[in-house]
Amino acid sequence: MEDERHRSRRRRRGLLWAAVAVVAVALGCLLPAALVAAVVRETASRSTGDPASRPGGPAARLAAAIDTALGRQAGALLRGDRDGFLAVADPTARADLTRRFTSLRALRIAVWRAEPSGQPTPEPGQPGRWRQAVTYRYCLVVPDCTPSPVLATTRWRETPDGPRLVAVEPSASAETGTRPWEVSELVAAVGRRTVVATTPDLRSRLPGLLAEAEAAAAVADRYAVDGVRPDRYRIFYAGRDGWRHWYGGDRPAWTGGYVVTVGGGHHEVVLNADALRAGGVADLLRHELTHAASLPAGGWSDRHAWWLVEGTAELAGAAGRPVDRYAGLDDVRRMVAGGGWDGRLDTVAPADDAPADRVAASYGVGYLAVRYLVDRYGTQRLLDFFAAVVHDRRPMTEAAREIYGEPWSTLHDDCVAQVRGGAR
């Protein structure tokens with residue numbers, strides 16, 4: 001039987017990939033956003049050049065009918081009227097739309113708007129078939145939130161009774177990838193600060209997950225550096241299939257979780273059920289929800305500040321435990337003793353293909369550096385420094401002088417000395 005230290009390290013490494021994903025997703029959002037804009041521009045260009053798409057032409061008339069149908073469907077979803085939601089659907093789309101309806105209602109959908117982008121374009125070689133780009137905007141639980149957008153391609157069939165929705169394609173190539181409710185049936189539990197969702201086969205874990213999430217939210221709320229706490233922390237607990245497909249999937253099997261920036265100032269958390277069977281859910285939730293509370297609305301991608309972002313989440317994840325009980329200390333010791341780190345905080349972020357012990361050590365360096373700042377100067381100054389560097393993108397040299405009254409070179413060396421001392 002594996003000893004507790006080995007189990008702790010395995011849980012730890014499952015936890016660590018989470019924040020690496022924050023960087024990857026933030027960087028990855030840039031290209032898909034450009035692709036989304038290109039799709040809309042191309043649709044508009046083709047529409048204006050096609051006689052059928054000119055004002056008063058078939059495409060223009062169909063666009064108005066589709067807009068009306070989507071509006072009726074949105075109203076039905078918000079009312080909980082499944083039959084009304086499906087009334088616009090072709091028989092071939094009913095199973096998929098029923099699943100989407102069930103999932104969104106489970107998530108307590110509070111805002112749902114469907115906004116067509118440009119005019120519909122004909123499907124080549126398929127008379128009476130059309131494609132229409134649609135931006136869906138949604139809020140969960142809270143009706144006055146800033147909605148998160150999802151751009152998807154819809155397919156329609158003309159009939160004597162008006163257009164019929166044939167399919168809604170998952171948003172695999174837009175923004176941050178496919179949302180869980182687009183491809184999976186979900187069940188959910190809602191608390192005062194969180195909404196936790198999973199698939200029906202994992203329903204029995206919802207009560208425990210909700211309790212852990214609510215406790216983690218109370219910690220994460222303290223790290224809302226701009227003073228604005230998330231209206232609800234959105235957490236998705238993924239089984240094997242969900243892990244492969246939600247938000248694009250393609251992450252290592254040992255990954256514990258990650259955070260995705262989804263627009264509207266919201267971040268959604270995904271947990272890997274397989275990686276968390278041995279435990280570690282509470283630490284992981286504190287870590288991930290702290291990212292959701294502390295990161296800028298548009299995400300973050302500066303590897304030079306990686307130690308600060310991850311160290312802050314690690315501090316929250318540790319829940320006030322003494323430094324000598326931090327699970328990654330052995331990994332930090334080995335990296336420091338083995339010369340695997342050059343002693344600079346801005347280069348400590350691990351490479352994408354780094355081995356698990358190197359990843360754990362990198363997170364440990366961030367934790368020890370941030371722990372030093374908090375122990376010496378207090379939490380509020382850390383949050384002010386975080387806001388200046390991560391939100392306002394100010395140089396650390398400037399932020400350190402203003403917030404801490406110290407040159408960054410001095411503060412940096414003090415942090416590094418604490419890392420090396422804590423790893424002895």
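Quantities reported herein were computed from a predicted structural model and do not represent experimental measurements. The basis for the numbers below is simple: all heavy atoms, side chains too, and nothing from hydrogens, waters or symmetry mates.
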Asker: In Å, rounded to the nearest 0.5 Å, how long is the span from OG1 of Thr199 to CG of Asp241?
Answerer: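 Going from the OG1 atom of Thr199 to the CG atom of Asp241 covers 8.5 Å.
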
Asker: For the pair Phe236 and Trp243, evaluate ring pair (Phe, Tyr, Trp, His ring centres under 6.0 Å) and give the outcome as yes or no after the intermediate values.
Answerer: CA-CA 10 Å; Phe236 296 91; Trp243 189 252; over 10 Å; no

Asker: For a 4.5 angstrom cut-off between non-hydrogen side-chain atoms, does Val150 reach Tyr138?
Answerer: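 Result yes, sub-4.5 Å side-chain heavy-atom pair found.
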
Asker: For the residue pair Thr92 and Arg157, confirm or rule out a side-chain donor-acceptor distance under 3.5 Å.
Answerer: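 No, because no side-chain N or O of Thr92 sits under 3.5 Å from a partner of the opposite role on Arg157.
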
Asker: Check Gln132 against Gly118 and note the closest heavy-atom contact, atom names and distance.
Answerer: NE2-O, 3.2 Å

Asker: Please check this pair: side chain of His412 against backbone of Leu345, looking for a donor-acceptor N/O pair closer than 3.5 Å.
Answerer: yes

Asker: Taking the side chain as C-beta and beyond, is there a heavy-atom pair between Arg234 and Val262 under 4.5 Å?
Answerer: yes

Asker: If we only count heavy atoms from C-beta on, is the Cys145 to Val111 side-chain gap below 4.5 Å?
Answerer: no

Asker: Are Arg333 and Leu329 side-chain neighbours, meaning at least one heavy-atom pair lies under 4.5 Å?
Answerer: yes

Asker: Do Ser148 side-chain atoms and Gly263 backbone N/O form a donor-acceptor pair below 3.5 Å?
Answerer: yes

Asker: Would the distance check show the side chain of His267 and the main-chain N or O of Pro296 forming a donor-acceptor pair, the cut-off being under 3.5 Å?
Answerer: yes

Asker: Please report, to 0.1 Å, the donor-acceptor pairs under 3.5 Å made by any side chain of residues 74-87, with sequence neighbours excluded.
Answerer:
residue	atom	partner	partner atom	Å
Arg79	NH1	Gly75	O	3.3
Arg79	NH2	Asp81	OD2	3.4
Asp81	OD1	Asp83	N	3.3
Asp81	OD1	Gly84	N	2.9

Asker: Pairs in or reaching into residues 189-204: which pass salt bridge (charged side-chain N to carboxylate O under 4.0 Å, His left out), with residues at least two apart or in two chains?
Answerer: Arg193-Asp221

Asker: Rounded to the nearest 0.5 Å, how far apart are OG of Ser294 and CG of Asp226?
Answerer: 9.5 Å

Asker: So, using side-chain hydrogen bond (donor to acceptor under 3.5 Å, both in side chains) as the criterion, who are the partners of Thr198 when residues are at least two apart?
Answerer: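 Not a single residue meets the side-chain hydrogen bond (donor to acceptor under 3.5 Å, both in side chains) criterion with Thr198.
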
Asker: List the residues meeting side-chain hydrogen bond (donor to acceptor under 3.5 Å, both in side chains) with Arg99, not counting sequence neighbours, and say none if there are none.
Answerer: Asp96

Asker: Under the side-chain hydrogen bond (donor to acceptor under 3.5 Å, both in side chains) rule, what pairs show up with a residue in residues 386-396, not counting sequence neighbours?
Answerer: Arg394-Glu398, Arg394-Glu402

Asker: In chain order, what residues pass the side-chain hydrogen bond (donor to acceptor under 3.5 Å, both in side chains) check against Thr379, with sequence neighbours excluded?
Answerer: none

Asker: How many angstroms lie between atom CD of Gln119 and atom CH2 of Trp130, to the nearest 0.5 angstrom?
Answerer: 9.0 Å

Asker: Step by step, would you call Trp341 with Val416 a side-chain contact (heavy atoms from CB on, under 4.5 Å)?
Answerer: CA-CA 11 Å; Trp341 176 46; Val416 170; 4.0 Å; yes

Asker: Kindly indicate whether the side chain of Asp331, heavy atoms from C-beta on, has any atom under 4.5 Å from the side chain of Val359.
Answerer: no

Asker: Ignoring hydrogens, what is the shortest heavy-atom contact between Val195 and Ala188? Give both atom names and the distance.
Answerer: CG2-CB, 4.5 Å

Asker: What are the two closest heavy atoms between Ala399 and Val389, and how far apart are they?
Answerer: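 Looking at all heavy atoms of both residues, the shortest contact is CB-CG2, 3.9 Å.
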
Asker: Judged by atom type as modelled, is there a donor-acceptor pair below 3.5 Å linking the side chain of Ser103 to the main-chain atoms of Leu186?
Answerer: yes

Asker: How would you list, by chain and number, every residue that makes a side-chain hydrogen bond (donor to acceptor under 3.5 Å, both in side chains) with Trp181, sequence neighbours excluded?
Answerer: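 Per chain and number, Trp181 pairs via side-chain hydrogen bond (donor to acceptor under 3.5 Å, both in side chains) with no residue.
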
Asker: Evaluate the criterion side-chain contact (heavy atoms from CB on, under 4.5 Å) for residue pair His266 and Asp231; output intermediate values, then yes/no.
Answerer: CA-CA 9 Å; His266 303 285; Asp231 50 43; 3.2 Å; yes

Asker: Please find the pair of heavy atoms, one from Pro350 and one from Ala354, that lie closest to each other, and give the distance.
Answerer: CB-CB, 4.0 Å

Asker: For the pair Thr261 (side chain) and Gly298 (backbone), establish whether a donor and an acceptor sit closer than 3.5 Å, ignoring hydrogens and angles.
Answerer: no

Asker: Is there a side-chain contact between Ile109 and Arg105 (heavy atoms, below 4.5 Å)?
Answerer: yes

Asker: Which residues pass the salt bridge (Lys or Arg N to Asp or Glu O under 4.0 Å) test with Arg286, sequence neighbours left out?
Answerer: Asp283

Asker: More than 12 non-hydrogen atoms from neighbouring residues, nucleotides or ligands closer than 6.0 Å to CZ on Arg108, yes or no?
Answerer: no

Asker: Closer than 3.5 angstrom, by distance alone: can the side chain of Arg376 be matched with the main-chain N or O of Val374 as a donor-acceptor pair?
Answerer: no

Asker: Let me see the working for Tyr237 and Trp246 under ring pair (Phe, Tyr, Trp, His ring centres under 6.0 Å), right down to the final yes or no.
Answerer: CA-CA 10 Å; Tyr237 189 68; Trp246 296 352; 9.2 Å; no

Asker: So, taking the atom named CG in Asn272 and the one named CZ in Arg240, what distance separates them when rounded to the nearest 0.5 Å?
Answerer: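 With rounding to 0.5 Å, CG (Asn272) is 9.0 Å from CZ (Arg240).
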
Asker: Quick one: closest heavy-atom pair of Ser362 and Trp306, and the distance?
Answerer: O-CZ3, 3.5 Å

Asker: Does the side chain of Val269 reach to within under 4.5 Å of the side chain of Leu289, using non-hydrogen atoms?
Answerer: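 Side-chain contact under 4.5 Å: yes.
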
Asker: State whether the side chain of Glu182 and the backbone N or O of Ser171 hold a donor-acceptor pair below 3.5 Å, judged by distance alone.
Answerer: yes

Asker: Between Arg100 and Val168 (side chain of the first, backbone of the second, donor and acceptor by atom type, cut-off under 3.5 Å), is there such a pair?
Answerer: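 Such a contact is found between Arg100 side chain and Val168 backbone.
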
Asker: Is the closest basic N to carboxylate O distance between Arg381 and Asp384 below 4.0 Å?
Answerer: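 Looking at Asp384 together with Arg381, the answer is no, because their closest N to O distance does not fall below 4.0 Å.
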
Asker: Can you list everything that forms a salt bridge (Lys or Arg N to Asp or Glu O under 4.0 Å) with Asp375? Sequence neighbours excluded, please.
Answerer: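 With neighbours one apart ignored, the set is Arg371.
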
Asker: Is the closest side-chain heavy-atom distance between Leu165 and Gln73 below 4.5 Å?
Answerer: yes

Asker: Checking Arg113 now: which residues fulfil salt bridge (Lys or Arg N to Asp or Glu O under 4.0 Å) with it, not counting sequence neighbours?
Answerer: Glu115

Asker: What's the spacing between Thr178 OG1 and Tyr247 OH if we round to 0.5 Å?
Answerer: 10.0 Å

Asker: To the nearest 0.5 Å, what is the distance between CG on Leu373 and CG on Leu368?
Answerer: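 The distance works out to 11.5 Å.
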
Asker: So, for Thr312 and Val370, which heavy atoms are closest and what is the spacing to 0.1 Å?
Answerer: N-CG2, 3.8 Å

Asker: List in chain and number order the residues that pass ring pair (Phe, Tyr, Trp, His ring centres under 6.0 Å) with Tyr404, two or more places apart in sequence or in another chain; answer none if no residue qualifies.
Answerer: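 In terms of ring pair (Phe, Tyr, Trp, His ring centres under 6.0 Å), with neighbours along the sequence ignored, Tyr404 is linked to Tyr377, Phe385.
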
Asker: Yes or no on side-chain contact (heavy atoms from CB on, under 4.5 Å) for Tyr367 and Val323, after CA distance, side-chain angles and deciding distance?
Answerer: CA-CA 9 Å; Tyr367 164 75; Val323 171; 3.9 Å; yes

Asker: Passes side-chain contact (heavy atoms from CB on, under 4.5 Å), Arg131 versus Glu169? Steps please.
Answerer: CA-CA 10 Å; Arg131 295 164 60 92; Glu169 297 179 356; 3.9 Å; yes

Asker: Who pairs with Ala213 by side chain to side chain contact (heavy atoms under 4.5 Å, CB included), at least two apart in sequence or on another chain?
Answerer: Thr194, Val196, Ile235, Leu285

